[in-house]
Amino acid sequence: MWVLVFFDLPVDTRKDRKNYATFRKKILQDGFSMFQFSMYIRHCSSKENADVHIKRVKSILPFQGHVGIMCVTDKQFGMMEIFRGHLEVRAPDTVQQLELF
């Protein structure tokens with residue numbers, strides 16, 4: 001499962017830019033990677049694990065701006081077509097999680 005966080009935050013004032021940088025830094029610390037500007041993704045091994053990371057993102061939401069959070073399955077994420085200009089680009093690899101019982 002993939003958790004996608006996309007946001008549009010104001011950067012007009014110094015305080016706005018600091019809030020933007022703080023939010024971005026915290027989601028990076030939680031294991032998200034930049035997919036595009038203002039769109040970050042994280043692979044999770046289960047829905048329960050995804051819920052933990054969604055809860056963390058919700059706990060650091062800035063007071064202003066728009067933030068979207070969406071979950072997609074590995075299969076849905078793998079069906080995405082990605083282009084840079086007219087060239088097709090491979091989607092990020094799924095993280096292989098080793099589970100010990």
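Worth knowing before you read on, the calculation uses all heavy atoms, side chains too, and leaves out hydrogens, waters and symmetry mates. In this text the structure is predicted, and so the values were computed from the model without any measurement. We're numbering straight along the sequence, starting at 1.
- Here CD1 of I54 is found 10.0 Å from CG of N49. Values are rounded to the nearest 0.5 Å.
- Of all heavy-atom pairs between A50 and C71, the closest is CB-SG, 4.3 Å.
- Closest heavy-atom contact between P62 and L9: CG-CD2, 3.5 Å.
- Applying the side chain to side chain contact (heavy atoms under 4.5 Å, CB included) rule to F83 yields the partners E81, E88; only residues at least two apart in sequence or on another chain are considered.
- Legend: salt bridge (Lys or Arg N to Asp or Glu O under 4.0 Å) pairs involving residues 4-23, not counting sequence neighbours: none detected.
- Listed by first and then second residue, the salt bridge (Lys or Arg N to Asp or Glu O under 4.0 Å) pairs involving residues 25-52 are D30-R56, K47-D51 (not counting sequence neighbours).
- Hydrophobic clustering, defined by side-chain heavy atoms of Ile, Leu, Val, Met, Phe, Trp and Tyr closer than 4.5 Å, leaves L87 isolated from every other such residue.
- Between W2 and H43, the two ring planes are perpendicular [angle over 60°; tilted spans 30° to 60°].
- Screening residues 6-33 for ring-ring contact (aromatic ring centres under 6.0 Å, His included) gives F7-Y20, F7-F23, F7-Y40 as the qualifying pairs, with residues at least two apart or on separate chains.
- At least one side-chain heavy atom of I82 sits less than 4.5 Å from a side-chain heavy atom of F35.
- Here the side chain of D74 pairs a donor or acceptor atom with the backbone of M1 at under 3.5 angstrom.
- Taking CD1 from I60 and NZ from K55, the interatomic distance works out to 14.0 Å, rounded to the nearest 0.5 Å.
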Could you give me the CA-CA distance, side-chain angles and deciding distance for V3 and I41, then say whether side chain to side chain contact (heavy atoms under 4.5 Å, CB included) is met? CA-CA 6 Å; V3 178; I41 60 174; over 6 Å; no
Test side chain to side chain contact (heavy atoms under 4.5 Å, CB included) applied to M39 and L4, step by step: CA-CA 7 Å; M39 182 179 174; L4 289 68; 3.2 Å; yes
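- Residue I69 is not grouped with residue V52 when hydrophobic side chains (ILVMFWY) are merged at heavy-atom distances under 4.5 angstrom, including chains of intermediate members.
- With sequence neighbours left out, the side chain to side chain contact (heavy atoms under 4.5 Å, CB included) criterion links K75 to T73.
- Cluster annotation: I27 is connected to F37 through the hydrophobic network of ILVMFWY side chains, with a link wherever side-chain heavy atoms come within less than 4.5 Å.
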